[in-house]
Amino acid sequence: MFLAMIAAGTVAFAQNPIIRDQFSADPSALVVGDRVYVFPSHDIKAPAEYGRKDWFCMADYHVFSSDNLTDWTDHGMIVDQWTAPWVNEKGYSMWAPDCKEHNGKYYFFFPAGAKPQPSANGRRGMGGNRVGIAIADYPEGPYIPQEKPLDNVGGIDPCIFVDDDGQAYLVMPGITITKMNDDWLSVSTDPADRHRVEEVPTKGLVEGPYLFKHDGHYYMTFPWARNVEEVLAYCMADNIFGPYKFMGVFFEEHANKCWTNHHSIIEFKGQTYLFYHHNEYSPEFDKNRSVCADSIFFEPDGTIRMVKPTLRGIGVTKSNTEIQLDRYSKLSESGDSIDYLERSNYFAGWKTIFYEKGAWAQYNTVQFDKAPKSVKVKIVPPSAGKLEILQDNNVIATVDVPADRQVITATAKVSGAAKGIHNLKVRMVTDGKIQVDWLTFE
Ligand code: FUB
């Protein structure tokens, strides 16, 4: 744990995915003061001792945080299958967690396979999925796991919802809502304290429920395998125990057939955000996923507007950092495309390829603290041609890219650029081909 805390590091990830050095999925976001904490599950490549190479494989959890939605700190590992007392140390099934604050402490709820238990016939059977709790004084930990999992609860994907009166509920796929006892270490067993949401679709898997409240309405949101891949859908109610009304889908299937999605929704500094996942760093294997975030909006009648996932994400990008143009806001209809920098290491990221005169890529919300004097563009070979850089619609630089077999940094003088937050556009003004890794202003 101590080592994990030391290993914490901050990096600027204004775009999607927001976690770029490891796989991460099932993000549960929590606002604590002026910071957002994200508790994802942690996909890994299956080790030899885990029999299912084609399945989800997770052995621990990390927590990440940010106060500006751009610079994310990895606080390191908080709970793992080897030290949580009741967890099967060969289970690799630490699936979607949740974390909430209670009486000044942080309660981290996590599902995992329990240690195999002797059964009635004396054989050791599988322990099954249970829900454990680890408690910390600070959201970043250190977390101390409880000796035993929650009684009377089995399954995956726990969500804790705290109502305005402070009453907490455990929401589980099914979908059931059960009152938590005041200790937050047990759930009520009174049938009157439990409600099953019958209004969710009955055809197709429903999992990962996330309950939140907005403008007095309860929103029961959930991934739903409507056909094959999961969409995000929701029901609404005026009371916690319903009746709920099925409202439909607010996030369609991922275009590349990533089977799962799993999400959480928070309000932070006046804006509502959706955290979800996608297999952006693992295009051939959809069980290695990455956390993304986008803004979410409500219609005047309280319904959720359809979310269109973006690459640009939610963070403001500083002009003097490496601006990853490949996480664009808009792309011209022809003449450019995005590709991975390295096929053998997807974590190296992407490049923007311009191959037609007039093609452009736009990247919004760049913060210029000062009017810049020059721009540096990192170019990947083979490239040759000329690019114009525009701030909003004004050309502020022209970058000549010589034919070169090396990775180079092309520099150009900037004139007429303004301070403040602006949209950026990069436009190909010659024939040829130019591959841009990133650009930055000085
Ligand atoms: O990450 C493993 C499982 O995949 C989660 O628990 C589900 O919600 C789905 O995202």
Side-chain angles (χ1 to χ4, degrees), residues 17 19 22-29 38-46 50 52-64 79-81 84 87-88 91-99 108-114 128-132 149-150 153-161 170-176 197 200-201 204-212 220-234 249-254 256-265 274-282 285-293 309:
I19 298 167
Q22 59 195 282
F23 297 118
S24 56
D26 308 323
S28 174
V38 176
F39 299 84
S41 47
H42 184 193
D43 291 340
I44 54 171
K45 303 266 182 214
Y50 182 60
R52 302 192 62 182
K53 290 227 167 305
D54 60 340
W55 196 236
F56 304 104
C57 184
M58 297 107 120
D60 62 26
Y61 297 99
H62 285 223
V63 59
F64 302 81
V79 173
D80 68 84
Q81 67 179 11
V87 174
N88 179 355
Y92 295 95
S93 54
M94 302 195 104
W95 288 16
D98 195 13
C99 187
F108 179 70
F109 288 73
F110 60 97
N129 286 102
R130 303 292 301 275
V131 173
L150 264 175
V153 176
I156 59 166
D157 296 356
C159 162
I160 306 302
F161 170 75
L170 174 68
V171 184
M172 295 290 290
I175 289 175
T176 57
V197 181
V200 297
L205 176 74
V206 166
E207 56 177 351
Y210 187 84
L211 178 61
F212 73 99
M220 180 63 80
T221 60
F222 48 89
W224 170 36
R226 174 175 57 178
N227 295 309
V228 179
E229 291 86 29
E230 290 177 341
V231 297
L232 298 178
Y234 71 116
V249 171
F250 66 93
F251 191 119
E252 298 283 3
E253 290 94 343
H254 285 299
N256 71 337
K257 307 224 175 293
C258 177
W259 173 36
T260 63
N261 201 344
H262 185 114
H263 68 299
S264 57
I265 293 170
L274 170 75
F275 288 76
Y276 60 98
H277 70 225
H278 184 220
N279 59 325
E280 198 69 356
Y281 282 124
S282 174
F285 181 52
D286 66 355
K287 314 290 181 305
N288 281 172
R289 301 153 296 175
S290 294
V291 169
C292 300

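When a ligand or atom number is given, it counts from 1 through the structure's own listing order.
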Short side-chain donor-acceptor distance under 3.5 Å, [Y] and [X]:
| X | Y | value |
| --- | --- | --- |
| Asn279 | Asn256 | yes |
| Ser24 | His277 | no |
| His278 | Asn261 | no |

Subset of ligand 1 atoms that lie under 4.0 Å from at least one heavy atom of Ala96
6 (O)
Would you mind listing which atoms of ligand 1 come within a distance below 4.0 Å of any non-hydrogen atom of Met58?
1 (O), 2 (C)
If you measure from [atom] to every heavy atom of [options], which option wins on shortest distance?
| atom | options | value |
| --- | --- | --- |
| atom 7 (C) of ligand 1 | His277, His263, His42, Glu207 | Glu207 |
| atom 10 (O) of ligand 1 | Asp157, Asp26, Leu205, Asp43 | Asp26 |
| atom 3 (C) of ligand 1 | Trp95, Tyr276, Phe222 | Trp95 |

Glu280 with Arg289: basic N within carboxylate O range, under 4.0 Å
no
In this structure, does ligand 1 have an atom that sits under 4.0 Å from one of the heavy atoms of Glu230?
no
I need the nearest protein heavy-atom contact for atom 4 (O) of ligand 1: residue, atom name and distance, please.
Arg289 NH1, 3.3 Å
Quick one: sort the Trp259 and Trp55 rings into parallel, tilted or perpendicular, breaks at 30° and 60°.
tilted
For Thr260 and His254, work out which heavy atoms get closest and say how close.
O-CD2, 4.0 Å
